[in-house]
Amino acid sequence: MDRPRRAPYPDPFTTHRKPEAEIMERALVADLRKHVGQTVTIQGWLYNSRSSGKLAFLIVRDGTGTVQCVLEKTDANAEMFAMAEKLSQESSLEVDGEVRADERAEGGVEMTAKAVRLVHASEGYPITPKPHGVDFLFRNRHLWFRSKRQWMILRVRATIIDEIRSFFNRNGYILIDTPIFAPSAGEGSQTLFKVDYFGEEVYLAQTGQLYLESACMAHRKVYCFGPTFRAEKSKTRRHLTEFWMVEPEIAYCQLDDVINVAEDLVCSLAQRVLRDHRTELEALGRDISKLEAIKKPFYRITYSEAAEILRGPRTRELLDSDMVRATARKAELEKMIAEKEKEAAGQGVKKWKAEKLAAEVIDHREELSEVETEIDNIPKHKQLSANFDWGGDLGGSDETLIARLHDRPVFVTHYPRDCKAFYMRRHDADPRLVQNFDLLAPEGYGEVIGGSQREERLDVLVHRMQEEGLKQEDYEWYLDLRRYGSVPHGGFGLGVERTVRWLCGLQHIRETIPYPRLMGRFYP
RNA sequence: UCCCCGAUAGCUCAAUGGUAGAGCACCCGGCUGUUAACCGGGUUGUUGUAGGUUCGAGUCCUACUCGGGGAGCCA
C-alpha cells in the first residue's frame, strides 16, 4: 500500500526531485542528535516493532544505527497506522518524523513519526529476534550481518583495517601488493590450495613474505595487505581457511627493531578501537580495562623461558584453579537447571513465566555443555604443558596458557629452528635457535603475530634449504637477494581476524569476517 | 587424520521403548510507552540417510552424511 508519493522508488535521489517546498531533510540515524527538534526523513529497514493499540513502536535501522519511531494512531492516519503496525521485519521504509531527545530511548534519541511509507514489504525474514543456531545463522550470513551484534563487529573490523593501513602509511612504508597465484615456493606445501592455472599447478598464496623481502630491498620499508589461504584441516575457533594478513618487511633491521614495530602497531590498533568504538565494545560485553592495559612495554620472554613456565608450578596452579572453577560452575548450573525445571512444572505458574524459565534452562544447558568440554580438556592441557619438550612448537593450548599468565601481550622469541621456517635467521649465540618471535595476546586469545629476522647469509640459507629438501632452482630469484647487496632485514605477519577477535573479545573467529571460509563452509 | 558431542515443524528446543509437543515466525482479534513487549485464537512434521533389534523405535545397535568443539598445524 501507500507507495511513496513524495519520494518514489526506484531512485528517489535524482529522477523524481520533489518540489522545493516539499523537500524534507533526509537524515542518517547516526546524526539524529544534531537534528533534535527538527522534522526529518530517515530511510531504512524495520528492525523490530511492537504495537499497543493506539501506539506503534517501529525500530528502524538505516545502516548507520537504529532508532525507535513512535507512531500515534489518530482519526486522520488510521490507514497508515494499520499499515505501519503490520509491517514485517526487515521491510524497507521511510519515516518522516520529529527528532526528540528521550531518556527512555536506547540511544537517547527517538522520533515521533508523522508519516511512514513502505518501500518494499519483506516476507518471512528468517532471522527473528529469538535465538538461532550457528549453522542456520551462517547459512544466512548475507542477512545475519544486518543484526546489531554482527553489524558492530564488522564496523570494528573496518576501523582496525583502516588503522593498519594508516599506521604503515604514516610511518613511511610503501604498499606492495604481492601475488595471490603463487608457484609451489612457500612454507609447508600440504597446507596450500591447489589451483589449475592453464594446465599447470599453482597455489593460492599463503604469505607474501618472500616477495616482500625483494621489495624491501627496493623501497626499504614495505608492507602487503591481502587475503591469505591455508588448507589446514583445523576446526577450531581461531582458524579460517581464508583470512586477511598484513605483512611489513624492513631492510636494515634486526629482530628487536621488528618487535618494536609490532608493539607500536598493536598499541595503535588498541587505542584507535578504544577511541572510535567504545560504545560497540561495551555492547559486545568487552572488558574495556583489558584493552586500556594494552600499552608498551609488552612482555618479552624466550621460547626456553616459555617452556619452563609451561612445565612449572604457575601453569599447574592455573589449570588446577580452572578445574575447581569449572567443576563448581558445573554443579551450580546443574542445580539451577533442576530448580528452574521444577519451578516451571509447578502448579499455578504463569505461562509466560514458565516459558521464560525454559529459555533460561536452554541457556544454562548450553553453558553446561561448554563447561563440561572444558572439564574434559583441562587434564589434556595439563598433560600437554607438563610434558612439553624443548624443541617442539608451542601448541594452541600452550599459547593460551602463556597468554593467560600475563596481563599484557607477550612476545615469545628464539624458537628452535627445527620447528620454524627455513628463511628465519639463525641465532649467532645459539645455533639451535632462530631470531623469530610470536606475539601472544592475553586472556587466552593466543597468537596474533608471527615474525622474524630473515637469514641474509647466502651459504647459511642454502644449507638450511637443503635440510628442508627444498629445490634450489625454485628459489633462485629469492637467493639473488642474498647475492646482490644482502642486508639484515625482517618482518612479521599480523592476522586481522585474530586481532579483531581479541580486541572485540569474541568467542569465535568466524564472526570477525563478513563471509567466513571454514573447513566445510563456503556458502554463501 | 584422530578424539568428544549433536541432528525432531521455517527457527529454538521438549518428548521413562507405547497417540510427536511448546514457544517464536506467519494469519485473525485485543491493548496509549513498548524494550526478545504482552493477552486470546488459528496454521505448521518423510524425527539427517540406509540398515538392524523389537509386538512396537524420535528413543536401543551399526554404517554413512552433515554440523559443533578439541588435538595436530598455524595468522
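Remember, predicted model here, so these are calculated numbers, not experimental data.
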Student: Please give the distance between the P atoms of B:U44 and B:C3 as a whole number of Å.
Tutor: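 Here B:U44 and B:C3 have their P atoms 44 Å from each other.
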Student: Is there a salt bridge (Lys or Arg N to Asp or Glu O under 4.0 Å) between A:R417 and A:E467? Walk through the geometry before answering.
Tutor: CA-CA 11 Å; A:R417 62 165 204 172; A:E467 280 181 350; 3.2 Å; yes
Student: With sugar-phosphate meaning primed atoms plus P, OP1 and OP2, does A:S49 contact a base, only sugar-phosphate, or nothing at under 4.0 Å between heavy atoms?
Tutor: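 Since no nucleic acid heavy atom lies under 4.0 Å of A:S49, the category is nothing.
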Student: Need one value for A:G133: base, sugar-phosphate or nothing, where a base atom within 4.0 Å counts as base even if backbone is also close, heavy atoms only.
Tutor: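 Sugar-phosphate contact only - A:G133 comes under 4.0 Å of backbone atoms but never of a base.
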Student: B:C66, OP1 or OP2 - any side-chain N/O from A:R521 closer than 4.0 Å?
Tutor: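 No, outside the criterion.
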Student: Suppose the criterion is side chain to side chain donor-acceptor pair (under 3.5 Å): which pairs have a residue in residues 390-404 of chain A, not counting sequence neighbours?
Tutor: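 Every side chain to side chain donor-acceptor pair (under 3.5 Å) pair that includes a residue of residues 390-404 of chain A, provided the two are not neighbours, is A:S304-A:W390, A:D322-A:R404.
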Student: Is the shortest side-chain N to carboxylate O distance from A:R146 to A:E90 below 4.0 Å?
Tutor: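 The answer is yes: the pair qualifies as a salt bridge.
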Student: Between B:C28, B:A75, B:A71, which nucleotide gets closest to the side-chain atoms of A:L384?
Tutor: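 Looking only at side-chain atoms, A:L384 lies closest to B:A71.
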Student: Quick test of your reading of the model: are A:E280 and A:R286 salt-bridged, counting only N-O distances below 4.0 Å?
Tutor: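 Between A:R286 and A:E280 there is no salt bridge, as every charged N stays at least 4.0 Å from the carboxylate O atoms.
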Student: Grab the CG-P distance between A:N140 and B:A25 for me, whole Å please.
Tutor: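 One finds 17 Å between P of B:A25 and CG of A:N140, rounded.
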Student: Taking the C1' atom of each, how far is B:U19 from B:U47, in whole Å?
Tutor: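 Here B:U19 and B:U47 have their C1' atoms 16 Å from each other.
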Student: How close or far is atom C1' of B:U12 from atom CG of A:D135, stated in whole angstroms?
Tutor: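 Interatomic distance, CG of A:D135 to C1' of B:U12: 13 Å.
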Student: When you measure only distances, ignoring hydrogens and angles, does the side chain of A:Q68 come within 3.5 Å of the base of B:U35 through a donor and an acceptor?
Tutor: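 Side chain to base: no pair below 3.5 Å.
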Student: Between A:E110 and A:R139, which is nearer to the 5' end of RNA chain B once each is assigned its nearest nucleotide?
Tutor: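 So the residue in question is A:R139.
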Student: Rounded to the Å, how far apart are A:D393 CG and B:A75 P?
Tutor: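 Whole-Å distance recorded here is 9 Å.
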Student: Is any side-chain heavy atom of A:V29 closer than 4.5 Å to one of A:V60?
Tutor: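 With C-beta onward as the side chain, the pair stays apart.
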Student: Using the C1' atoms only, state how far B:G10 lies from B:C4, rounded to an integer number of Å.
Tutor: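 Here B:C4 and B:G10 have their C1' atoms 30 Å from each other.
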Student: How would you label the contact of A:L240 with the nucleic acid (heavy atoms, under 4.0 Å): base, sugar-phosphate, or nothing?
Tutor: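 Result for A:L240 = base.
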Student: According to the Watson-Crick and G-U wobble definitions, with both distances under 3.5 Å, which nucleotide is paired to B:A50?
Tutor: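 B:U62 - that is the nucleotide pairing with B:A50, both distances being under 3.5 Å.
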Student: Looking only at atom C1', what distance separates B:G21 and B:U53, rounded to whole Å?
Tutor: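 The same atom, C1', in both gives a distance of 27 Å.
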Student: Could you tell me whether A:P126 contacts a base, only the sugar-phosphate backbone, or nothing, with contacts defined as non-hydrogen atoms closer than 4.0 Å?
Tutor: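 Nothing, no heavy atom under 4.0 Å.
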Student: So, is the end of the A:R498 side chain (NZ or CZ) under 6.0 Å from the ring centre of A:Y445 and within 45° of the ring's axis?
Tutor: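 Judged by the rule (NZ or CZ under 6.0 Å from the ring centre, within 45° of its axis), A:R498 is not positioned above A:Y445.
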Student: Hunt down the Watson-Crick or G-U wobble partner of B:U32, both distances under 3.5 Å, from any strand shown, or write none.
Tutor: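 Answer to the pairing question: none, since B:U32 forms no Watson-Crick or G-U pair.
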Student: Base, sugar-phosphate alone, or nothing: which one does A:R510 contact when heavy atoms must sit under 4.0 Å apart?
Tutor: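 Sugar-phosphate, backbone atoms only, no base.
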Student: Determine the contact category for A:S234: base if any of its heavy atoms lies under 4.0 Å from a base atom, sugar-phosphate if only primed atoms, P, OP1 or OP2 are that close, otherwise nothing.
Tutor: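 Base, at least one base atom sits under 4.0 Å.
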Student: With sequence neighbours left out, what residues match A:K330 under side chain to side chain contact (heavy atoms under 4.5 Å, CB included)?
Tutor: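 Side chain to side chain contact (heavy atoms under 4.5 Å, CB included) check on A:K330 returns A:E334, A:L368, A:V371, A:E372, A:I375.
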Student: Let's see if you can work this out: which of B:G72, B:A75, B:A36 has an atom nearest to the side-chain heavy atoms of A:T236?
Tutor: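 Between B:G72, B:A75, B:A36, the one nearest the side chain of A:T236 would be B:G72.
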Student: How close or far is atom P of B:G10 from atom NE2 of A:H132, stated in whole angstroms?
Tutor: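 Atom-to-atom, A:H132 to B:G10, this comes out as 14 Å.
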Student: Tell me yes or no: between the side chains of A:Q435 and A:H414, is some donor less than 3.5 Å from an acceptor?
Tutor: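 A pair is found: one side chain offers a donor N or O, the other an acceptor, under 3.5 Å apart.
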Student: Look at all strands and tell whether A:G520 reaches a base, only sugar-phosphate, or nothing, counting heavy atoms closer than 4.0 Å.
Tutor: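 Contact class for A:G520: sugar-phosphate only.
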Student: Nearest to the side chain of A:T191 - B:C73, B:G70, B:U32?
Tutor: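 Among the listed nucleotides, the one closest to the side chain of A:T191 is B:C73.
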Student: Please give the distance between the P atoms of B:C31 and B:G48 as a whole number of Å.
Tutor: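 It works out to 44 Å between them.
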Student: Using the P atoms only, state how far B:A71 lies from B:C24, rounded to an integer number of Å.
Tutor: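 40 Å, rounded to whole Å.
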Student: What does A:K235 touch in the nucleic acid at a heavy-atom separation under 4.0 angstrom: a base, only the sugar-phosphate, or nothing?
Tutor: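 Base contact.
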Student: What nucleic acid atoms does A:E72 come within less than 4.0 Å of, heavy atoms only: base, sugar-phosphate, or nothing?
Tutor: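 It contacts base atoms.
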Student: Please give, in whole Å, the distance from B:C27 C1' to A:E123 CD?
Tutor: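 Spelled out: CD on A:E123 to C1' on B:C27 is 12 Å.
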Student: Could you give the CD-to-C1' distance, from A:E399 to B:C73, as a whole number of Å?
Tutor: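 After rounding, the gap between these two atoms is 11 Å.
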Student: If we require ring centres under 5.5 Å and near-parallel planes under 30°, does A:F243 stack on B:A75?
Tutor: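 Yes, A:F243 stacks on the base of B:A75.
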Student: If you find the nucleotide of RNA chain B closest to A:D102 and the one closest to A:G395, which residue's nucleotide is nearer the 5' end?
Tutor: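 Nearest-nucleotide comparison on RNA chain B picks A:D102.
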Student: For atom P, what is the distance between B:G56 and B:G18, given to the nearest Å?
Tutor: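 Here B:G56 and B:G18 have their P atoms 14 Å from each other.
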Student: Please determine if a side-chain N or O atom of A:H239 lies less than 4.0 Å away from the OP1 or OP2 oxygen of B:G70.
Tutor: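 So the side chain of A:H239 is outside the cut-off, no N or O lying under 4.0 Å from OP1 or OP2 of B:G70.
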Student: Flag the pair A:K73 and A:E85 as a salt bridge only when some basic side-chain nitrogen lies within less than 4.0 angstrom of an acidic carboxylate oxygen.
Tutor: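 Result for this pair is no, no salt bridge flagged.
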Student: Does the structure show a Watson-Crick or G-U wobble partner for B:C26, both distances under 3.5 Å? Name it, or say none.
Tutor: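 B:C26 is paired, partner B:G42.
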Student: Side chain of A:H381: nearest nucleotide among B:A71, B:C31, B:A75?
Tutor: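 Between B:A71, B:C31, B:A75, the one nearest the side chain of A:H381 would be B:A71.
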Student: B:G69 P sits how many Å from A:R238 CZ, rounded?
Tutor: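 About 12 Å, once rounded to whole Å.
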Student: When rounded to the nearest Å, what value does the distance between P atoms of B:G52 and B:G58 take?
Tutor: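 Roughly 15 Å separates the two P atoms.
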Student: Nearest whole angstrom, please: distance from the C1' of B:G68 to the NZ of A:K233.
Tutor: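 Taking atom C1' of B:G68 as the reference, NZ of A:K233 is at 18 Å.
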Student: B:G17 pairs with which nucleotide, Watson-Crick or G-U wobble, both distances below 3.5 Å?
Tutor: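 Base-paired to nothing in any strand shown.
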Student: Between B:C38 and A:R50, is there an OP1 or OP2 to side-chain N/O distance shorter than 4.0 Å?
Tutor: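 No.
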Student: Mind checking if A:F136 touches a base, just sugar-phosphate, or nothing, with heavy atoms under 4.0 Å?
Tutor: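 Since only primed, P, OP1 and OP2 atoms lie under 4.0 Å of A:F136, the category is sugar-phosphate.
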Student: Identify which nucleotide among B:C74, B:C24, B:C28 has an atom closest to any side-chain atom of A:K130, counting heavy atoms from C-beta outward.
Tutor: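 The nucleotide sitting nearest to the side chain is B:C24.
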